[in-house]
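What follows is a set of notes on a single structure, which appears directly below.
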Amino acid sequence: MIKTPLIELRGVKKHYVLKKSMLEKLAGGREQVVKAVDGVDLQIFNGETLGLVGESGCGKSTLGRTILQLHPPSAGEIIFDGKPIHGLKREERRDFCRQAQIIFQNPYSSLNPRKSVRQILALALQARGLSDPNVQEEEIRLLLPRVGLSEAHIDRYPHQFSGGQRQRIGIARALALKPRFVVADEPVSALDVSVQAQIINLLEELQAEFELTYLFVAHDLSVIHHISDRVAVMYLGKIVEIAETEKLFNDPRHPYTQALLSAIPRVDKEARRNRILLTGTVPTPIDPPAGCAFHPRCFRRKGRVCEEQPPDLAYDSSQHGVACYACQS
Amino acid sequence: MLAIERLTMIYETKRGRVKAVNKVDLSLGKGEILGLVGESGCGKSATLLTILGLVSYPGKVTGGRIIFRGEDLLQKTPAALRKIRGKEIAMIFQDPMTTLNPVFKVGDQIRESLQIHGLLNEQAEGGRFKGRKRKESEMDRVYQLMREVGIPSPEKRYFEYPFQFSGGMQQRAIIAIALACSAQLLLADEPTTALDVTIQAQILELLAKINRERETAMILVTHNLAMAAEFCQRIAVMYAGEIVEQGSTDEVLEKPQHPYTQGLLRSIPRIGKVKQKLEPIPGTVPDLAALDGTCPFYPRCAQARPACLEDERSLEDVGGGHWVKCALYS
C-alpha cells in the first residue's frame, strides 16, 4: 500500500458556544464553550481503515462529521486529496461532498420512513448526476445485490426491513455516489451480534472492491480491533494515542488507552488480565481540566507539568503517537 | 433458591400467539451468578419480567412454575408479590435515566424502598421511630447505602435530582435502591449497555463486590458474551424464547455444543486472536409469531437434519452439568 494521505487534518477544532438564558446574559460572565473537538492533527491514508475510539462525548462522531463538512470546523484546516476543503470552489466542493460519504449509527432514524428504497437511492444517484430514471433503475438493480439485498426489495419502505437490512440500505446509499472516503459512524452498534458480523464483512468486501478509505468510529474495541489498520484513541476532544492496530493493542502507552483496553470484557480466558479501574467519569467538555484533560483520572500523573500544559502528540520512529508526559522520556 | 420449571409466557397478538418465553428451565443457587445471553427479542428480558410477575396484557403466563425459596411465585396474590418485589427480589433495568423518576430527589427515591418495606421501623433499636426521628434514621441508612455503592459525598448527592447524575452514578443509585432491602436475588437486565466501557467495568466490579460480600444471587441478562464470560459462573443461551444451551461458563464458551452458540462465538471479533474473516450466522432471527414447534434455529443451522423438524426437543445433559437442546444430541 502506498502511503499517501487522502485526508489530512491540521489543528482542527470544533467548538460550540452554549446559548445563554436571558438571566445569564443580564448577569454577564463569560461565554461557555463546548470543546467537542479541540485541536486534532491526523492523516488518513489512501485505502486504509482508521479506527476512532473513545467514550461517549469524547468528540469522535463530531470529528467524523466535521471532516465531511456536516458542520464546519471552528478552526484548523482539512485537506482532501491535496487540496484544502476550505478554499474549494462551488463545483469542487460538490465533488468533495460526493466523494466523502457517511454511514450513520442508527438505521432506524437515518432513512426517511416515507420513501421507498428506490426513492432513497435515486436521490443519491441524482446527486451524482444521473437523472435518467432508466439509468437510475439499472444502477439500483446493480447496487442492491452488492450490499446483500435483492431486487425484490426495491419498492419496499424502511419499516419493512430489519435493522441489519436497513443498515445495508444506508451502505447502498453511500455507495451510490461512488465515494472514495466513508465515515462509518458506529455502523454496527445498533445491531445484534450475528448481524453485526454480516455488516462488518460487507464493509470489508466493499473496501477491497471499491478501494474505499474508512474512518471507522466506534466505542466497541473488539470491532475496532477487527476492522482497523490503524487506531486513534480520543479523550475529551483530543487524540491521545495513535498507532497501528496490533501495536496499539499489544503495547498501549497512554494511561487512558491502557485503562480502556483493560476494561474490555474478554471471552478468552487467558486474555483476562489485571484490570485498571479508572475512578470517576469523563469530565464535561464545557470546562475541561487544564493541562492534560486526563490528569484528574490518571494513575501515572507526573505532577505539576500534567496540570499546566497539555501534552503534544509525539511520534516515535514506528509512527506510534502518544500525548502523555509520563510516556515521553 | 430459585427454580424455574417449564415456564411459558405468551403475548396474545392479532397475528397469533407469540411465545416470548418457551418452556424455560433455570435454577439458581445462593450467591450464584447466572448469565442469560442471546440476541434482542430472544426472550431474555421477558424471562426476568415473568419472574417478577411484571407481565401485563397482552402478555400471559400459560404454564410452568417459578419456585423461589420453596414457594411458587405464580400462585401468589398481587399483594403478596408486591411484598417480595424490591425486598427479596430486586431488579436493575437497562436504562438508568428512565428507571429513576426525574422529579424526585435521588436520595428520596432510595429511601422510598426502605419506607415501603418498613424495614427501618422494625430494625430500629428501642422501639419504633416516629416522624422526624424516623426520617433521620432512614436518611442515615441511605447515606450508608450510597457510600457502599460508591457515590461520593452522599450528604450532598442525596438532595440532587437524577439529571444531575452521570449515567454511571445513576446506575449506582439504582443499585443502591436494589440493595436497600438486602434482596437475596438481583435481576440485572443489561445493566451496563447504556454505559461506556470504563464505567461498565466500574459497575461490574461493584456488582461483583455485592455478590462477594452479601452472597446475593444474580441473573445477568446481556447480549455481550464477553461480559457474561467474565462475570458469570454459569451461562444460559437463549434463542427465540427457548434456552438452547446451559452450563458452566467455561464449558459453554470453550466447548459450545449447540450450533447457535457455536455460530455466535464465531461471529464476534476477538482481540488478541489472529485476524480472520468473521463468520456471521446466515439469515435473521425468526418471527416469533410464526414458530411451529420445530427447532427455531433450523432455517439458519448448518447442521440441520430431518430430526430437527420433530416437535419436541428437550435439554439433554452432555456431561458435567452442560445441557443442550438440539437434535444432534438426543
Part of [X] lying under 4.5 Å from any heavy atom of chain A:
{"X": "E205(B)", "result": "side chain"}
{"X": "R266(B)", "result": "neither"}
{"X": "P282(B)", "result": "backbone"}

* Going through the checks in order, is the side-chain contact (heavy atoms from CB on, under 4.5 Å) test met by L265(B) and V267(A)? -> CA-CA 9 Å; L265(B) 282 166; V267(A) 174; 4.0 Å; yes
Nearest-0.5 Å distance, [atom1] of residue [X] to [atom2] of residue [Y]:
{"X": "Q196(A)", "Y": "H223(B)", "atom1": "CD", "atom2": "NE2", "answer": "8.0 Å"}
{"X": "D196(B)", "Y": "L260(A)", "atom1": "CG", "atom2": "CG", "answer": "9.0 Å"}
{"X": "L195(B)", "Y": "H219(A)", "atom1": "CG", "atom2": "NE2", "answer": "10.5 Å"}

Does any heavy atom of chain B fall under 4.5 Å from the side chain of [X], the backbone, both, or neither of them?
{"X": "S56(A)", "result": "both"}
{"X": "L277(A)", "result": "side chain"}
{"X": "L278(A)", "result": "both"}
{"X": "T279(A)", "result": "backbone"}

Identify the heavy atoms of [X] and [Y] that sit nearest to each other, and give their distance.
{"X": "A226(B)", "Y": "P265(A)", "result": "CB-O, 3.2 Å"}
{"X": "A197(A)", "Y": "S267(B)", "result": "CB-O, 3.3 Å"}
{"X": "T198(B)", "Y": "R297(A)", "result": "OG1-NH2, 3.6 Å"}
{"X": "V193(A)", "Y": "I268(B)", "result": "CG1-CG2, 2.9 Å"}
{"X": "R266(A)", "Y": "E230(B)", "result": "N-OE2, 3.0 Å"}

* **Heavy atoms of other groups near K255(B) NZ, more than 12 under 6.0 Å** => no
* Within a radius of less than 6.0 Å around CD of E209(A), do more than 12 heavy atoms belonging to other residues, nucleotides or ligands occur? ->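 Above 12, so yes.
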* Heavy-atom check, side chain of E55(A) versus side chain of Q200(B), under 4.5 Å ->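 No; the side chains remain at least 4.5 Å from each other.
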